Amino acid sequence: MTLHAELRVHRAGFALELDLAIEPGEVVALLGPNGAGKTTALRALAGLLPGSHIRTEESTWDKLPAEKRPIGVVFQDYLLFATMSALDNVAFGLRARGTRKAEANEIARHWLAQVGLAEFAKAKPRTLSGGQAQRVALARALATSPELLLLDEPLAALDASTRLRVRSDLGRHLQHYPGHTLLVTHDPLDAMVLADRIVILEDGRVVQQGTPREVVRQPRTDYVAHLVGLNFYRGVAEGTEVRLDDGGTLTIAEPAQGPVHVVFPPSAVSLYPDKPAGSPRNTWQAIVSGIEQHAHTTRVDLAGNPAVLADITTATVAELRLQPGDTLWVSLKATEIHTYPR
Amino acid sequence: MRSRLPVVLVLPAVIGLAFLLVPLAGLLVEAPWATLPAQLFSAEVGQALRLSLLCASLATIVCLVLGVPLAWLLARSDLPGRGLLRALVTVPLVLPPVVGGVALLLVLGRRGLVGQYLDQWFGVSLPFTTAGVVLAEAFVAMPFLVISVEGAFRAADPRYEEAAATLGASRWLTFRRVTLPSVMPGVVAGTVLCWARALGEFGATITFAGNFPGKTTTMPLAVYLALETDPDAAIVLSIVLLLVSVAVLAGLRDRWIRA
Amino acid sequence: MVKRIVAVAALLLAGCGSTTASPTTGVNGEITVFAAASLTESFTELGKEFEAAHPGTKVTFNFAGSSALAQQINKGAPADVFASAAPANMKQVTDTGAITATPATFAKNTLQIAVPEGNPGKVTGLADFAKADLKIALCAEQVPCGAAAKKVFEAAKITAAPDTLEQDVKAVLTKVSLGEVDAALVYRTDVKANDKVEGVDFAEADKAVNDYPIALIAKAPNAAAAQAFVDYVLSGEGRKVLTEAGFAAP
C-alpha cells in the first residue's frame, strides 16, 4: 500500500512544503543542496518535528509521536548507544516495543548476521569501524520491521574507499526490504545507485522528480544539471535555432518549438586557438575563466555567449598551453545538443 | 615521547596540592597515635561513626532520588526562568550551614510552616531525630549532586534520545536505558561529592537535628564537642572520619572503574 | 597592622588596684580582648565606655567559646586580655604560663530555665526536665553551661531527659526561641539578652554558680592599656553594665 506524506513545516525564514508518495519496496531519494530542508523532512516524517500529515491506506500517523510510529531511522552519525553492545543496540527497538528478551536477542542476532557482523554482537560501538557502525545502525533500524525506513545521509560519515563497498551492501539490503524507504542525501551518486526514484528539493520545495535516468538526462534546474555534470540552459526554440535566455544562440539537429531546456555534456565541447573551419554548426569565442584537473580530463570553465564547461584531454591542454584569460574558439556539434520542453 | 609539562601549570598545581594536603599532614603529625586504637574501638566513636555513615548514605539516596530528576529538568526542560532556578538550587552552597539549619527549622520544625501540620496531623516531628539528620545533610549536599549531574545532562547529546524514540522507546525507557547510562560518570562524581559533603556536615545538622548520642550525634558533631575539652580526642576522631571516608571512596572508585 | 605604642610610664600603674577607673594618662593604643561568647553584649558596651574614658584607645574583641579562646591563646594568638566564662578554661591558660597574673573574678552567672514565649510546655521547675513528652534542650557536658546543668540536676536528684545536647548557649536559645523545645537550661544573662524567650527561676540555681575570671595575658602587646581595661571591668562602672546584663556581683 502506498504511503502518502504531506509535510508542512514553517519556521522563521524557512518553509517546507513537500508531498511524497512511496510505494512498498520503493526507494525514494530526497536529493538537494544543504539547507534545502531534507533533514527537516526526515525529522517530520519520523515524528521528531510537528507538521507532518502522513497516511497509509490503513491509518494516519499525524497524532503519533515518534515512539509510536512504525519507522526505522539510520542517522547520519548512526547514534549507536555507546553503553550498549552491538547486539543490545539492535535489540533495543524490539525490547522497547515489548518483545521478550530472548526473542529480541535472537532477532537481533539474525540482523547482525544479515549485515555480516555476527561475531561483533558483544562489541561496544566505539570499537567498531565507521562501516561496521553504519551496518549496525542499519540492522537496528530494520530489526523492528518498520513500514517506513528513513536514511539520513547514511554514507556521508564514511571515507571514500569504505563508502563504495558500504553503498553496494546498502543497496542489496534495500532491495530485499519490503517497506517504504526514503533516503536523504546530497550525494547524487548515492541517489542514482540506491534509489528507484529521485525527488529533488530546493528551498523547501520539490523542483524535479523522476527515475535516476530521467533526472540525469533531463535536469530541470541549475543545481541538478551541475550535479549530473551537464551544460544547462533555458531558451526558446524556433525550428533548429534556440535563442538562449541568458544570451547566445545554438543550432540544434532536431527541430523544436517554444520554451525548452538545452543540455549537452562538457565532453561534447571542443576548443581551438583559431576559428575552426568545417562541419560544426556552433562556434563562438570565449575566455578561459577556470581550469580544473579531473581524473582523466581537464574541465575548462569558459565565459562567453553562452558560458560553457568543456572537458578536454590533458594532451589538448598542453597543446593549447591554456591559461586563464586566454581567448579560444568553442565548437559544438548540433547533434550533441539535447532539448526538451520546459 | 611525552611532551614536557609546562612549569606555569605544574607550579600552581603543586602548590594547590600542598595547600590541600598540608593541613591534613598537620592533623596526622599532631595525632596522639597511642590513643588511636582505644578511641577507634570505643563505643561512642563506633556509634557516631555508624550513625555518620548511615545518615550520609541515606542522605545521598535522598539526593539521588530527588536530585537526578531535578538536574534533568534544569538541563532539558524549557521552563521559563530556568536560569534563576539553576541559581536558586545552589543557595544551600552559599548559605552558611547553620542558617540552612535555621531555615529548615522554620519550615519543618515543630512550629514551622509545614512542620506544624506534620506534627498535628501525623504526629511527626523531624528535629532531634535521625531522619532530621538525613534531611539536614541532604539539604546541604544536594546542590553538589544536582550541579554535577546537570552538567552531564547538558553535555549529553539529545539526539540519542531522538534515536531511542524512533526505535519505539517511551520517554521513561529512554531516560533509563539511554540518557542515564550516558551521564553515569557525572552521576557517580556527583554522588561522591554529595556523600562526602553529607559525611562532613556539621552546621545544618546540629542546628536542625540537635545533638544526642546514638540518635543525632554524627562524627563531625562528636569532633566539635571533643574539641571543647579534649583537642587530642578531636584530632583522633577527625582522623577516623577521614580514614573511613577515604577508604569508602577509594573502594567505590575501584568498583566503578572496573565496571 | 597598627603599630602599638607601649608607653613605658604606664607600666608603673600596673598593680594600682583602684576600684574606680579614673582617666589615666599614658593609656592609649589598641588592645585585643578575648572574651567568652556570653559576654558579647555586655563587653561590647564596656568597650565603648572604656574607649570614651580613655581617648586614644581602641578595643577589639574576639568573642567565642571560652575553650576555643584558651587554645588560641595557648597557640600564641596576639591577645591582651582573656575573660573566660569558666575558671576551668582560665586554668588551661595559666597552666601553660600564657597567663601569669592571678585571675580576678569579675562576675557570676547562674542558670535559669528558658522557655518559649507564653511557656507552651507549662514548665514551672526543674522537675519538668524529666518529662519525656516535653522537648528539652541542654548544653553538651563538654561546654560550661552543660557542666553547670549537670551540677544542678545532680543537686536536685533529677534525671533529665534531653532531646538534644547543644554545642553552645546560642544554639540552645535558637531552639527555644523557635519553639522547637519546651524548656532549656541557659544562663540568666542569656535569657535577659533574648526577648523571644522567657525565664523561669528554680531553687537549685545556686548549686551551680559560674565564676567569670579575667586576667592580663603575659605576652600582652599593650600591657598598660590592657591592665586599664581589666581594672575598668572590675570597677563600679563595669559592675553596673554587667549587672544590667544579668550578671551577679562576685
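Throughout, a chain's letter reflects where its sequence line sits, starting with A, and its residues are numbered from 1. This structure is a prediction, so every number in the text was calculated from the model and none was measured.
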### Query
What parts of residues 132-166 of chain B touch chain A if we use heavy atoms and a cut-off under 4.5 Å?
R159(B), Y160(B), E162(B), A163(B), A164(B), A165(B), T166(B)

Contacting region of [X] [heavy-atom separation from chain B under 4.5 Å]:
X       : result
L150(A) : neither
L48(A)  : side chain
R43(A)  : side chain

Crowded around [X] [atom1]? As in, over 12 foreign heavy atoms under 6.0 Å?
X       : atom1 : value
R176(B) : CZ    : yes
E17(A)  : CD    : yes
D203(A) : CG    : no
F14(A)  : CZ    : yes

#### Entry: Least distance between heavy atoms, T83(A) atom then P181(B) atom
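Scanning both residues, the minimum pair turns out to be OG1-CB, 3.5 Å.
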
### Query
Between OG1 of T174(B) and CD of E67(A), what distance do you get to the nearest 0.5 Å?
7.0 Å

### Task
Side-chain contact test, heavy atoms from C-beta onward, threshold under 4.5 Å: evaluate it for V178(B) versus M84(A) and give yes or no.
yes

## Note on the structure
Across all chains, not counting sequence neighbours, the ring pair (Phe, Tyr, Trp, His ring centres under 6.0 Å) partners of Y177(A) are none

### Top contributor to chain B interface from L94(A), T144(A), V73(A) [non-hydrogen pairs under 4.5 Å]
V73(A)

